[in-house]
Amino acid sequence: MNSALQQDLNDFENILEKAKQRAIGFLNDLENIPTSKRETIDTNRELNQSGLGSLAAFEEFNNRLAPLMVASPGPRYWGFVTGGSTPASIAGDWLASVYDQNTQAVTAQGGNSALIEFETIHLLLQLLKLPKSFLGGFVTGATMSNFTCLGTARQWFGKQLGKDFAKNGVSEPINILTATPHSSSIKSLSMLGIGSQNYTTIKTIEGNREAIDIEDLKRNIKSLKGQPFILISSAGTVNTADFDDFDAISKLKEQYNFWWHIDAAFGGFAAVSDKYKHFVKGWEGADSITIDCHKWLNVPYESAFYLIKEQHTLLQIETFQNSNAPYLGNPLENFNYLNVLPENSRRLRALPVWFSLLAYGKEGFQEIVENSVSLALHFGNALIEDEVFELLAPIRLNNVCFTLKRDHNQEKVSQFLTKLNDTGKVFMTPTVYQNRKGIRASFVNWRTTEKDIRIVIDEMRKIISDI
């Protein structure tokens, strides 16, 4: 054995202890660690001939790389839609690395860790109040979940025309209807060979809405003259957390032949709250759903899952099966995730979620969701009271989309946000909404409190006075 490896094996406990102490120090100091930094490093480091060993590598990490880390799991990282990591999810994530399973099979000599994934999906269906007619699995994020769902939808579309797109390639234009799709869905269309511009944009409801105008959807469906199509709908648009009318879409599904996909990356968690579950009423009628765990479920990054109706399992297999690897067995007889997902190698991503669900239960996640929405409303009210800012859209759930008041201040929005993020006290993301420059704050982190809002408002006032 290599001498550095042997030394590390002998010193394993000490190495892990140092990593634990570094992690605890970071997590305990999250409120004081900047949410944004401009530090840089020279990335042209030469690889040493003989190994340094883990302890020496750890020392270099502390000195060179750790200063790059920002408080993205912290209570004032409001950019994108980014949750933190709960204690239970971190424990599960660490153990997923320790056990290092390639989670694929449910009945195999080489490991049955996919049973944990099956159980975790079963728990998630209970949390989200969805029927057992959905089967699911874990992927890296919402992009790959959308890709998996839309890849299966692509195969469904081909079958309606008597074609096998998975085997022979996309040979016919695919009808895609959508109103306000997330960029990850558009990226998926590109990767699937459908084309990132090959979709029909449905009008949105008038009156500062991003949701599908059902009447315009009906007109577009009729114009297809009975052709099949794929509908991409939203459970929580990224700018304003708007929801399509799933009840109305369910009724259309009784009349027309289409694949219904819902991007519910964060908005799907409205289902856990009695206050907000009306937003997703009727979503159980969808063929596929995308949900992201590293958002409102507050687990570490690279965790999302897809849900696809069990009746479409054969379409999944036709799309993703490893057809040229006979040693993997018959995909119809022995369930294996590598035949229903893009990845052949995959870690036990279900474990952090399993730990979280058992640790905090239905009430825990209901409280996280409702607290997040309450904080979003609180922040929105503080903006309105300040009279320097204005909301670009109503606060429907957990996202606050706002800008500087008065049109002549539009040119200062980018400058304001750059200065605000540079303080390191908060991080928010820029956006454009209805042709106006804006700023988006998303509340999903389990650590955020009203104290954090006060800190941010104070910083915003300081920046305004400077510019």
Side-chain angles (χ1 to χ4, degrees), residues 72 77-85 89 117 120-121 124 127-128 130 134 136-154 176 178-192 194 196 199 210 230-244 259-272 279-280 283 286-308 316 320 337 340-343 346-347 349-350 352-353 356 365 369 372 397-399 429 431 440 442-445:
S72 54
Y77 196 92
W78 301 347
F80 312 104
V81 186
T82 305
S85 296
S89 72
E117 191 156 340
T120 306
I121 292 294
L124 285 165
L127 179 70
L128 299 171
L130 284 168
F134 284 101
F138 283 83
V139 290
T140 53
T143 301
M144 288 313 296
S145 180
N146 280 325
F147 179 85
T148 303
C149 294
L150 293 173
T152 309
R154 182 191 67 176
I176 308 282
T178 187
T180 316
H182 188 265
S183 59
S184 62
S185 289
I186 304 307
K187 179 187 282 191
S188 296
L189 296 182
S190 173
M191 293 190 293
L192 288 164
I194 297 171
S196 60
Y199 63 90
E210 292 186 296
I230 297 168
L231 176 67
I232 302 174
S233 64
S234 299
T237 56
V238 72
N239 268 334
T240 69
D242 207 351
F243 287 72
D244 293 330
W259 180 286
W260 178 17
H261 173 63
I262 300 176
D263 185 339
F266 67 91
F269 287 101
V272 310
F279 282 124
V280 293
W283 72 327
D287 294 286
S288 59
I289 301 174
T290 282
I291 297 186
D292 214 333
C293 299
H294 56 241
K295 290 182 169 59
W296 232 334
L297 205 61
N298 281 261
V299 304
Y301 258 112
E302 286 209 10
S303 181
F305 61 99
Y306 71 87
L307 294 172
I308 298 177
Q316 271 186 273
F320 297 110
Y337 271 112
V340 296
L341 284 173
E343 302 157 308
R346 51 201 302 273
R347 76 196 301 263
R349 291 194 189 94
V353 177
S356 297
F365 288 105
V369 167
S372 295
L397 199 65
N398 63 313
N399 284 356
T429 39
T431 191
R440 195 181 74 243
S442 186
F443 291 83
V444 286
N445 191 295

Please determine whether side chain to side chain contact (heavy atoms under 4.5 Å, CB included) holds for the pair Phe269 and Leu127, giving the CA-CA distance in whole Å, both sets of side-chain angles, and the decisive distance to 0.1 Å. CA-CA 9 Å; Phe269 287 101; Leu127 179 70; 4.3 Å; yes

Going through the distances and angles, do Thr240 and Thr180 end up as a side chain to side chain contact (heavy atoms under 4.5 Å, CB included)? CA-CA 11 Å; Thr240 69; Thr180 316; over 6 Å; no

For Thr178 and Ile232, indicate whether the former's side chain and the latter's backbone hold a donor-acceptor pair under 3.5 Å. yes

Is it true that the side chains of His294 and Ser303 contain a donor and an acceptor less than 3.5 Å apart? no

Steps toward side chain to side chain contact (heavy atoms under 4.5 Å, CB included) verdict (Tyr306, Leu341): CA-CA 10 Å; Tyr306 71 87; Leu341 284 173; 3.1 Å; yes

Is any side-chain heavy atom of Thr148 less than 4.5 Å from a side-chain heavy atom of Pro342? yes

Under 3.5 Å, is there a donor-acceptor pair between the side chain of Asn298 and the main chain of Gly84? yes

Closest contact, heavy atoms only, Ala142 versus Ala265: CB-CB, 4.1 Å

Close side-chain approach of Trp283 and Leu130, heavy atoms under 4.5 Å: yes

Run the side chain to side chain donor-acceptor pair (under 3.5 Å) check on Asp263 and Ser234 step by step: do they pass? CA-CA 5 Å; Asp263 185 339; Ser234 299; over 6 Å; no

For the residue pair Ile308 and Gln316, what are the closest heavy atoms and their distance? CD1-CD, 3.7 Å

Indicate whether the side chain of Asn146 and that of Thr290 have a donor and an acceptor atom separated by less than 3.5 Å. yes

CG (Asn445) and CG (Asn398) are apart, to the nearest 0.5 Å, by 12.0 Å

Mind checking salt bridge (charged side-chain N to carboxylate O under 4.0 Å, His left out) for Arg440 and listing every partner two or more places apart, or none if nothing turns up? none

Give the minimum heavy-atom separation between Phe138 and Glu343, together with the two atoms involved. O-OE1, 4.3 Å

Are Val272 and Trp296 close enough that some pair of their side-chain heavy atoms sits under 4.5 Å apart? no

Smallest heavy-atom separation, Tyr337 atom then Gly136 atom, equals OH-O, 2.8 Å

Who passes salt bridge (charged side-chain N to carboxylate O under 4.0 Å, His left out) against Asp242, sequence neighbours left out? Arg209, Arg396

Does the side chain of Leu307 reach to within under 4.5 Å of the side chain of Leu124, using non-hydrogen atoms? no

Supply the atom-to-atom distance Cys293 SG to Arg349 CZ, rounded to the nearest 0.5 angstrom. 10.5 Å

Quick check: does any side chain N or O of Ser145 sit under 3.5 Å from a backbone N or O of Phe305, one acting as donor and the other as acceptor? yes

Is there a side-chain contact between Ile289 and Cys149, using heavy atoms and a 4.5 Å cut-off? no

Donor-acceptor contact below 3.5 Å, side chain Arg154 vs main chain Ile194: no

What is the minimum heavy-atom distance between Val299 and Pro352, and which atoms define it? CG1-O, 4.2 Å

So CE of Met144 and OG of Ser184: to nearest 0.5 Å the spacing works out to 11.0 Å

Assess the residue pair Arg346 and Thr140 against the criterion (side chain to side chain contact (heavy atoms under 4.5 Å, CB included)); give the C-alpha distance rounded to whole Å, side-chain angles, the decisive distance to 0.1 Å, and a yes or no. CA-CA 9 Å; Arg346 51 201 302 273; Thr140 53; over 6 Å; no

Quick check against the 3.5 Å criterion: does Thr237 have a side-chain atom that pairs as donor or acceptor with the backbone of Glu210? no

To the nearest 0.5 Å, what is the distance between CH2 on Trp260 and CG on Leu231? 8.0 Å

If we only count heavy atoms from C-beta on, is the Tyr301 to Ser72 side-chain gap below 4.5 Å? no

Pairwise side-chain contact, Ser442 with Phe80, heavy-atom cut-off 4.5 Å (strictly under): no

Which heavy atom in Asn239 sits nearest to a heavy atom in Asn399, and how many Å separate them? O-CB, 3.8 Å

To the closest 0.5 Å, what do you measure between CZ (Phe134) and CD1 (Ile121)? 11.5 Å

Is any side-chain heavy atom of Asp292 closer than 4.5 Å to one of Val81? no

Is there a donor-acceptor pair under 3.5 Å between the side chain of Thr82 and the backbone N or O of Gly79? yes

